[in-house]
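Structure first, commentary second.
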Amino acid sequence: MTTSIRPLIAGNWKMNGTSASVPELVAIGKAFTHGFDVQVDALICPPATLVARAHDVLSSTPVRVGGQDCAITQSGAHTGDISAEMLKDAGAGFVIVGHSERRTDHGETNEIVQKKALAAWRAGLTAIICIGETQSQREKSLTLDVLTAQIEGSVPQGATASNTVIAYEPVWAIGTGLTPTLPDVAAAHAHIRSELSRHLGEGFETIRILYGGSVKPSNAQELLSVQNVNGALVGGASLKASDFVGIAEACRPA
Ligand code: 13P
């Protein structure tokens with residue numbers, strides 16, 4: 001973790017959560033409000049159906065709320081889609097774009113992801129742009145090339161620390177319990193930092209680069225101590241308040 005950048009611990013609830021999950025949101029909000037002394041930003045991205053509820057429950061706490069995807073356009077005849085402006089209106093401050101599950105399940109290309117990031121900015125949201133290699137790309141030693149292409153294709157010019165977060169999520173590590181070795185995490189994050197510099201020219205130095213993929217309380221400390229790891233994007237372990245808070249506590253300086 002680069003000490004000058006305040007870490008962000010973000011929870012991606014994916015397609016999980018109903019009104020029965022509201023008490024979990026309340027518990028997360030409470031944990032970060034009372035006696036939580038770790039210098040960290042916290043964010044929960046529930047399904048779109050819960051964004052407004054999450055905002056109601058969390059707006060009096062330090063925990064922010066985000067969406068998991070947004071449409072490219074602001075409004076119109078796009079049945080089932082939700083715009084960045086709608087997420088903002090419901091209380092979101094962030095939106096994840098280009099998650100590998102969107103890239104795979106919905107055929108989202110780098111070009112689409114870049115347009116979604118621009119849509120997020122248009123609405124005043126911070127875009128969390130996800131990148132990461134698949135297992136077969138990794139086996140062919142293509143990881144760094146894939147990251148370069150995804151940064152060039154998905155990250156719009158004008159990205160800064162206030163409008164953009166990058167999430168490095170190796171696809172093979174998502175939901176599998178597998179994680180890259182710490183040197184591999186360090187190499188990927190260093191590469192992302194230097195590619196952001198090449199791609200953006202300026203503004204890249206303080207952009208947060210999160211690691212995502214099977215982060216849990218028991219491995220968070222070692223992953224978050226890697227240089228250029230500025231937080232985590234957490235799937236499964238973010239559904240339980242105690243696990244999510246346990247991951248955030250791993251950001252406590254040793
Ligand atoms: P898991 O933490 O469940 O592996 O999911 C990671 C992820 O995809 C977060 O966006």
Side-chain angles (χ1 to χ4, degrees), residues 7-17 21 24-25 28 40-48 50-51 54 63-70 87 92-106 108 113 116-117 120 125-135 137-138 143 146-147 150 154-155 164-182 184-185 188-189 192 208-224 226 229-251:
L8 171 67
I9 305 299
N12 174 9
W13 278 20
K14 308 191 179 184
M15 200 174 72
N16 297 292
S21 321
E24 216 61 42
L25 293 169
I28 289 172
V40 61
D41 290 332
L43 167 72
I44 292 288
C45 300
L50 282 181
V51 167
V63 182
R64 307 284 307 278
V65 176
Q68 298 176 9
D69 175 51
C70 66
L87 290 169
F94 291 73
V95 63
I96 298 168
V97 295
H99 191 282
S100 64
E101 287 149 18
R102 300 285 319 172
R103 291 179 186 261
T104 304
D105 298 351
H106 299 270
E108 292 189 4
V113 175
K116 290 189 169 192
L125 301 179
T126 298
I128 301 178
I129 303 174
C130 299
I131 58 177
E133 81 286 0
T134 62
Q135 174 69 27
Q137 289 165 334
R138 175 178 181 243
T143 298
V146 168
L147 296 178
Q150 289 178 328
S154 308
V155 180
T164 299
V165 173
I166 306 295
Y168 169 55
E169 299 204 306
V171 179
W172 53 272
I174 294 176
T176 58
L178 303 172
T179 52
T181 63
L182 299 184
D184 282 352
V185 173
H189 280 244
I192 292 166
R208 291 193 271 207
I209 307 171
L210 312 185
Y211 168 78
S214 297
V215 179
K216 46 194 179 207
S218 58
N219 64 13
Q221 195 162 25
E222 59 178 20
L223 288 165
L224 290 162
V226 174
V229 173
N230 312 120
L233 183 54
V234 185
S238 70
L239 294 167
K240 247 180 88 188
S242 55
D243 284 348
F244 184 67
V245 175
I247 291 168
E249 279 173 341
C251 294

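Here, residue 1 is the first one in the sequence, and each next residue gets the next number. Both backbone and side-chain heavy atoms feed into the values below; hydrogens, waters and symmetry mates do not. Whatever order the structure lists ligands and atoms in, that order sets their numbers, starting from 1.
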### Query
Can R208 and T126 be said to form a side-chain hydrogen bond (donor to acceptor under 3.5 Å, both in side chains), step by step?
CA-CA 11 Å; R208 291 193 271 207; T126 298; over 6 Å; no
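- For the pair V97/C130, no side-chain contact is recorded, criterion being any heavy-atom separation below 4.5 Å from C-beta on.
- At a cut-off of 3.5 Å, with distance as the only test, no side-chain donor of E101 or H106 sits close to an acceptor on the other residue.
- Here the closest heavy-atom approach between residue G98 and residue V113 is recorded as CA-CG2, 3.5 Å.
- In this structure, Y211 contributes its side chain and G213 its backbone to a donor-acceptor pair below 3.5 Å.
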For ligand 1, list all ligand N or O to protein N or O distances below 3.5 Å, rounded to 0.1 Å.
unit_1: ligand 1; atom_1: 2 (O); unit_2: G235; atom_2: N; d: 2.9
unit_1: ligand 1; atom_1: 3 (O); unit_2: G236; atom_2: N; d: 2.9
unit_1: ligand 1; atom_1: 4 (O); unit_2: G175; atom_2: N; d: 2.6
unit_1: ligand 1; atom_1: 4 (O); unit_2: S214; atom_2: N; d: 2.8
unit_1: ligand 1; atom_1: 5 (O); unit_2: K14; atom_2: NZ; d: 3.3
unit_1: ligand 1; atom_1: 8 (O); unit_2: K14; atom_2: NZ; d: 2.7
unit_1: ligand 1; atom_1: 8 (O); unit_2: H99; atom_2: NE2; d: 2.8
unit_1: ligand 1; atom_1: 8 (O); unit_2: E169; atom_2: OE1; d: 3.4
unit_1: ligand 1; atom_1: 10 (O); unit_2: N12; atom_2: ND2; d: 3.0
unit_1: ligand 1; atom_1: 10 (O); unit_2: H99; atom_2: NE2; d: 2.9
unit_1: ligand 1; atom_1: 10 (O); unit_2: E169; atom_2: OE1; d: 3.2
unit_1: ligand 1; atom_1: 10 (O); unit_2: E169; atom_2: OE2; d: 2.9

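- Under 3.5 Å, the side chains of R103 and T134 contain no donor-acceptor pair of N or O atoms.
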